[in-house]
Amino acid sequence: MNTNSAMEPLRAASEEEIRQLIQIYEKRLPESVQFLLLLQNILRINTTVDGFDLEEASHRFQKTIYIPNNEYINHFATFVAISREEDQFVLINTLEYPPLVLTNALQKTNYIKWDHKPMFVIDGNNAIRAKLFHIVEERKLRLESWSECINFWMPREEAAKLSFVVPNEVELKPLQIEHGKVLNEWWPYRYKASQRYMESAIKHNGGLGLFDKTSGELVACVFKNDHDAVGHLYTVPDRNNRGYGSTLVKALTRQIAFQHKQHVHTFINEENDRSIRLFEKLGFTAINRTEWLITSSIPANSE
């Protein structure tokens, strides 16, 4: 079926329609902060990065916002954000309850490339979750819970007031694109396209590192991910318990609030007690949960 046909339930949102979505989610803070910042990230990338730079960016950074095709005014802020095929993420939300328009769109749209086994990111809406499981079963696939994350936020006004002291033995500097390789090697969830994703995040969103003053070695890092959230905080094991993580989170949080003029958001795997304690200690507040669901093929012997 042609995705331009009259039967397609979704259409690409215009720049103005994305701005309208952002305005709706701004009025529902803090519960909506993860969607607000996601939309802001997509709008910024799509309007400020173009040509060769956009083509070279990670497919995870090349997202399109789709909205219901038959609605002139998107009253319920329903949207589906889909990245390109090499690193396909599908991020979905609606304020409609029950989510009839969204679940119908997920069932019928041709924009989701199921053969690329996309990763789905949803909130705690059980109706959306149930519909997704039904759709993937029909397509001889299955969904596995890759992780359930707790969303934390800090209002921009509070974040801009944060101060920090860099430990004497290290230097705080911006990450460079070439650091993406070692960051990817450190990341336990790396996959085929993850190094390109990290390089794009550093280039287009920015990140910070702590570097040993004597050796120049990178010993801790953090960057702003494709959700415009604080992410990928890491300290090499032999440098733990020196305050490096706290320093980096404070520094990036202040940068996002003061320079980027945004509220600050992070999502943390619910089993990562250490990071949860760190962000709570720094003043972040837990607001809700998000589930990351990975699509995979059903083994032949299980059919």
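Below, each value reflects all heavy atoms present in this structure, side chains not excepted, and no hydrogens, waters or symmetry copies. Owing to the predicted nature of the structure, the values given are computational and were not obtained by experimental measurement.
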Carboxylate-amine/guanidinium contact [X] [Y], below 4.0 Å:
X: E185; Y: K181; value: yes
X: E17; Y: R11; value: yes
X: E55; Y: R84; value: yes

**Point-to-point distance, once rounded to the nearest 0.5 Å, from OG of S58 to NZ of K63** = 8.0 Å
**Rounded distance [0.5 Å steps], CD in Q34 versus NE2 in H263** = 13.0 Å
For [X], does the [atom1] atom sit with more than 12 other heavy atoms under 6.0 Å from it, leaving out its own atoms?
X: N168; atom1: CG; answer: no
X: F258; atom1: CZ; answer: no
X: R44; atom1: CZ; answer: yes

**Asked** So which of T285, I276, I287 actually passes side-chain contact (heavy atoms from CB on, under 4.5 Å) with F152?
**Response** I276
Taking the side chain as every heavy atom from C-beta outward, state whether [X] and [Y] have any pair of such atoms under 4.5 Å apart.
X: D228; Y: I256; answer: no
X: F267; Y: N225; answer: yes
X: M198; Y: R190; answer: no
X: L38; Y: Y25; answer: no

**Item:** Donor on one side chain, acceptor on other, D87 and Y191, under 3.5 Å
**Value:** yes
**Request:** Check the side chains of E96 and T78 for a donor-acceptor pair under 3.5 angstrom, ignoring hydrogens and angles.
**Result:** no
**Request:** On the 0 to 90° scale, with breaks at 30° and 60°, tag the W146-Y189 ring pair as parallel, tilted or perpendicular.
**Result:** perpendicular
**Asked** Is it the case that R60 places NZ or CZ above or below the six-membered ring of Y197, under 6.0 angstrom from the centre and within 45 degrees of the axis?
**Response** yes
**Request:** State, to 0.1 Å, how close A229 and T266 come at their nearest heavy-atom pair, and which atoms those are.
**Result:** CB-CA, 4.2 Å
**Message:** Quick one, L282 with L162, criterion side chain to side chain contact (heavy atoms under 4.5 Å, CB included). Give me CA distance, side-chain angles, the key distance, then yes/no.
**Reply:** CA-CA 9 Å; L282 297 181; L162 284 180; 5.8 Å; no
**Message:** In this structure, is the centre-to-centre distance between the rings of H179 and F223 below 6.0 Å?
**Reply:** no
